[in-house]
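Here's the structure, in structure tokens; my notes come after.
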Amino acid sequence: MKFEKFRQILDSHYGNLHWWPADTEEEVVIGAILTQNTSWKNVEKAMENLKQAHILTLNDIVNADRERIRNAIRPSGFYNQKTERLINISGKIVEKGGLRALREMTDRELSYFLGSLKGVGKETEESIMIYALGRKRFVVDKYTLRIFNRTGLIEDDTDFPKSLKNEIERKLSLEELNNLHGQIVNLGKDFCRTQPICKKCPMAGECDYEKEITLP
DNA sequence: CACCAGGAATGTA
DNA sequence: TACATTCATGGT
């Protein structure tokens, strides 16, 4: 199907979502780490625990006792790794001058800085770029690969063509990019899991989910 | 009980 | 470059 039609279906089904679900930009950074290979439901529990422990900024994380962070984020899984990543990443950002300082960087400088942080891979980097710092990025996650592949927008479900990514980032506005990724994640959660739930999916008819199912 | 969730780092060939 | 392994809780 055509990309424009794809967007149109998402718009009519999900509207404007005002992503990312967080109260502050710093919570976006924290949530981006916690949600790595983890359901958002579990991240919400971890975020709630952090708030109850009065740990809700990057500075709080730097100053907080390790054990309290570990305890708070336990429900989000991988808590040993994620605790170290949170502390390390928060420290690096704080010593740079906080998100306020990152906003002064060019896209290129920002990408280089974030990419150098342990625990920040491609997706996390771009999520922070757009949802915490307002840069024009199209976040490619597992859902994006799966849905673009199943709807025939890309051929390979393990690699998203850079040319297409650049084109999307060039053509869409910041607001549209913000919304598009949120819509894709919601579509993924609602209908397009590994085991697809295709009933009432707005992409039904445009989606070849069967081509991906591999039988032994 | 098996499988998966809004990944990333590390090691191997 | 292309895979495999590890990290770990909670829902279905």
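Since this is a predicted model, take the numbers as computed values, not measurements. Just so it is clear: chains get the letters A, B, ... in the order the sequence lines come, proteins before strands, and each one is counted from 1.
Atoms CZ (R193(A)) and C1' (dG10(C)) sit 12 Å apart, rounded to a whole Å. One atom, CD1 of I197(A), and another, P of dC3(B), lie 18 Å apart when rounded to the nearest Å. Separating the CH2 atom of W40(A) from the C1' atom of dG11(C) is a distance of 17 Å, rounded to the nearest angstrom. Atom CG in D141(A) sits about 17 Å away from atom P in dC4(B), given to the nearest Å. Between Q195(A) atom CD and dT12(C) atom C1' the separation is 11 Å, expressed in whole Å. Taking atom CD of E123(A) as the reference point, atom C1' of dA8(B) lies 10 Å away to the nearest angstrom.
Residues that satisfy the side chain to side chain donor-acceptor pair (under 3.5 Å) test with D60(A), not counting sequence neighbours, are T57(A). By the side-chain contact (heavy atoms from CB on, under 4.5 Å) test, V94(A) pairs with L58(A), N59(A), V62(A), sequence neighbours left out. Take T24(A) and apply the side chain to side chain donor-acceptor pair (under 3.5 Å) test, not counting sequence neighbours, and it matches no residue.
Between R170(A) and E167(A) there is no salt bridge, since no side-chain nitrogen of the basic residue lies less than 4.0 Å from a carboxylate oxygen of the acidic one. A salt bridge does not link E48(A) to K45(A): none of the charged side-chain nitrogens sits closer than 4.0 Å to a carboxylate oxygen.
Between the side chain of R103(A) and the main chain of L133(A), no donor-acceptor pair closer than 3.5 Å is present. A donor-acceptor contact shorter than 3.5 Å is absent between the side chain of T151(A) and the backbone of C207(A).
Minimum heavy-atom separation, I73(A) to Y79(A): CD1-O, 3.8 Å. Closest non-hydrogen pair, P202(A) versus L187(A), comes out as CG-CD1, 3.8 Å.
Phosphate proximity of dA5(B) to K142(A): present, with a side-chain N or O under 4.0 Å from OP1 or OP2. A sub-4.0 Å separation between OP1 or OP2 of dC4(B) and a side-chain N or O of S39(A) is absent. Checking the phosphate oxygens (OP1, OP2) of dA5(B), a side-chain nitrogen or oxygen of R146(A) falls inside 4.0 Å.
Comparing T38(A) and K45(A) by the nucleotide of DNA chain C whose heavy atom lies nearest to each, the residue mapping closer to the 5' end is T38(A). Each of K41(A) and G115(A) was matched to the nucleotide of DNA chain B holding its nearest heavy atom; the match closer to the 5' end belongs to K41(A).
If you check every strand for non-hydrogen atoms under 4.0 Å, V43(A) touches nothing. L145(A) comes within contact range of no nucleotide atom at all, as no heavy-atom separation falls under 4.0 Å.
Of the residues in residues 49-57 of chain A, none has a non-hydrogen atom less than 4.0 angstrom from any atom of DNA chain C. A heavy-atom distance below 4.0 Å to DNA chain B is reached by none of the residues of residues 161-168 of chain A. The stretch residues 183-192 of chain A touches DNA chain B through V185(A), K189(A), each having a heavy atom within less than 4.0 Å of the strand. Across residues 77-89 of chain A, G77(A), F78(A), Y79(A), N80(A), Q81(A) each have a non-hydrogen atom less than 4.0 Å from an atom of DNA chain C (numbered order). Residues from residues 30-37 of chain A that place a heavy atom under 4.0 Å from any atom of DNA chain B, listed by number: T35(A), Q36(A), N37(A).
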Output, in order, the C-alpha distance, side-chain angles, deciding distance and verdict of side chain to side chain donor-acceptor pair (under 3.5 Å) for Y209(A) and R150(A). CA-CA 5 Å; Y209(A) 70 92; R150(A) 291 181 182 179; over 6 Å; no
Run the numbers on E27(A) and K51(A) for salt bridge (charged side-chain N to carboxylate O under 4.0 Å, His left out), then give the verdict. CA-CA 10 Å; E27(A) 287 180 22; K51(A) 288 181 183 180; 3.5 Å; yes
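Residue pairs meeting the side-chain hydrogen bond (donor to acceptor under 3.5 Å, both in side chains) criterion with at least one member in residues 127-136 of chain A, sequence neighbours excluded, are D107(A)-R135(A). Residues in residues 182-191 of chain A take part in these side-chain hydrogen bond (donor to acceptor under 3.5 Å, both in side chains) pairs, two or more places apart or across chains: D11(A)-Q183(A), Y14(A)-D190(A). Residues in residues 80-101 of chain A take part in these salt bridge (Lys or Arg N to Asp or Glu O under 4.0 Å) pairs, two or more places apart or across chains: R66(A)-E84(A).
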Close N/O contacts between protein and nucleotides 10-13 of chain B (under 3.5 Å):
none

